[in-house]
Each structure stands twice: as structure tokens, then as C-alpha cells.
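Structure first, commentary second.
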Amino acid sequence: MTDRVLRLLRTRPELAALAAFPFDFDLDRAHHVEDVHLASGASLEPIAGDDTGGTYFLCGGTAVLHASSEGDAVLIADSVSEALEMLIRLPWYCENISGDLDEEQLRAAVEAGDAEAREEFAPELDAHRAALLAGLGLPDRPLTELAALMEAAVDRTEPDHLLLNSTELCAYRLTDESRRRPLRDVVLGPGRAVLDAYGRASPERTTRPWPTRCCARG
């Protein structure tokens, strides 16, 4: 099923135009600079692009991943609706946005970015934002919640949303390499989860999860 917000953007040109400018989510740029696929094998559909050559992909029919033209790629949201809410209310031109900031600090960062955007390229920014939020029916939730959702999505990029160049099979970088999960966690994590679940389901086995080996004597 197509995401509600994506369906609105595809069927209402006036909303698609507002998403493209000034919020840089352009349906007409739904193509990437090279062939790519997800390491997990899940479906990958380009749905929009930005004016730097980056691409927004729909992963597995729901989550949204952004890939730059320079070889970076991160998961940004669990749905197109959530991604658009972030892009509209925490726009690309705002600097130093992070989950470490409180609501007042985030609002100050957005207001500073908005003031510069109005002066340089988007004098009708406030009207455009209000029209797009209303037209897409997006909620007005705290900026701290949006920032936390974005950072949580970034942390889930690997392993399921790792993007690969389809020709060379090279992995795209995380925008912030410090967030890359250690290989041991990627490889051993699923097995650990199974063992933990096994232990919770069978409390009497937690001290000896595996049977001992008996040797018969003749």
C-alpha cells in the first residue's frame, strides 16, 4: 500500500511543488547517480531527490533512506510521512540540529535557519510551510521527538538498510561514521537475541542452556 503522504504528493502538484521548494524533496528528481541495492535484498524504490544529486529511497515499501551523490547513505525515517515531517520542520538549511538539544535550543536553531532562508531564497517560507503541513495532514509534535526519531533511524541503518553500489558492491558510508555498528554486533547480534529469548522462555535452563555430552562406556 502506498504511503498516504507519498500518494498525496503524487496526486496533488501544488503540494509536490512546495515539497520540492523550499524543502528540497523533489519527486521529479527520483533517480540516482548509479545503480544501487540494499544488502538485505529488500525492495528499493527512488521516490524523490534533492538539488545536490542526493536521492530519497523507499525501503521495503515503508522506511525512507537518503543517499548522497558522494557515497553516504542513512536511514532517516520509518515512513514517508515521518520523513516529510522532519524535512519540513527540521529543514536541511538549519545547522547543528541533533538529539542532544532541548526543545528551546532546537526551536532557536530552526528560527535562525529560517531567518537566513527567508532573506536568501525563500521569502514566503512561513506560508509555504504552513500550507504543506496542512495539506499533508502532518502533526505538530515537539521538535525533540522528531530529532530523536531521526537519530534512532540513523542508528538502524545497518545491517538491514546498508546501501551497496550494484556494480562494485561497495557499501555507502554512514554520514557520521561514529554511528557505524561494530562488525561483531552485526554478525553476532541476531544469535544473541535468539539465546536471550531462549533463556527468558526457559528460566530453568538459564544456568545450563546446552545439554552436557555423555560418553557411554562399553
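For the single chain, residues carry numbers from 1 onward in sequence order.
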Can you check side chain to side chain contact (heavy atoms under 4.5 Å, CB included) on I97 and M150, steps first, answer last? CA-CA 10 Å; I97 296 294; M150 183 178 291; 6.0 Å; no
Begin from the C-alpha positions of Y93 and D114 and carry the test side chain to side chain donor-acceptor pair (under 3.5 Å) through to its verdict. CA-CA 8 Å; Y93 51 75; D114 282 353; 2.7 Å; yes
Apply side chain to side chain contact (heavy atoms under 4.5 Å, CB included) to residues L58 and V80 and explain how you reach the verdict. CA-CA 8 Å; L58 195 62; V80 179; 3.7 Å; yes
Chi angles and distances behind the side chain to side chain contact (heavy atoms under 4.5 Å, CB included) call for L149, R141: CA-CA 12 Å; L149 286 171; R141 58 176 135 190; 3.5 Å; yes
Output, in order, the C-alpha distance, side-chain angles, deciding distance and verdict of side chain to side chain contact (heavy atoms under 4.5 Å, CB included) for L163 and L44. CA-CA 10 Å; L163 190 67; L44 188 70; 3.6 Å; yes
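With hydrophobic clusters built from ILVMFWY side chains whose heavy atoms lie under 4.5 angstrom apart, I88 shares a cluster with L18. By the rule that hydrophobic residues join a cluster once side-chain heavy atoms approach within less than 4.5 Å of another member, L132 and L146 end up as members of separate clusters.
Ring centroid separation for the pair W92 and F121 comes in under the 6.0 Å cut-off.
Judged by distance alone, the side chain of R156 and the main-chain N or O of A77 form no donor-acceptor pair under 3.5 Å. Within the 3.5 Å criterion, the main-chain N or O of T144 finds a donor-acceptor partner in the side chain of E103. Between the side chain of Q105 and the backbone N or O of D102, at least one donor-acceptor pair lies under 3.5 Å.
Within a 6.0 Å sphere centred on CD of E120, heavy atoms belonging to other residues, nucleotides or ligands number more than 12.
Atom-to-atom distance recorded for S81:OG and L138:CG is 6.5 Å, nearest 0.5 angstrom.
A salt bridge is absent between R29 and D51; no separation between the charged side-chain nitrogens and carboxylate oxygens falls under 4.0 Å.
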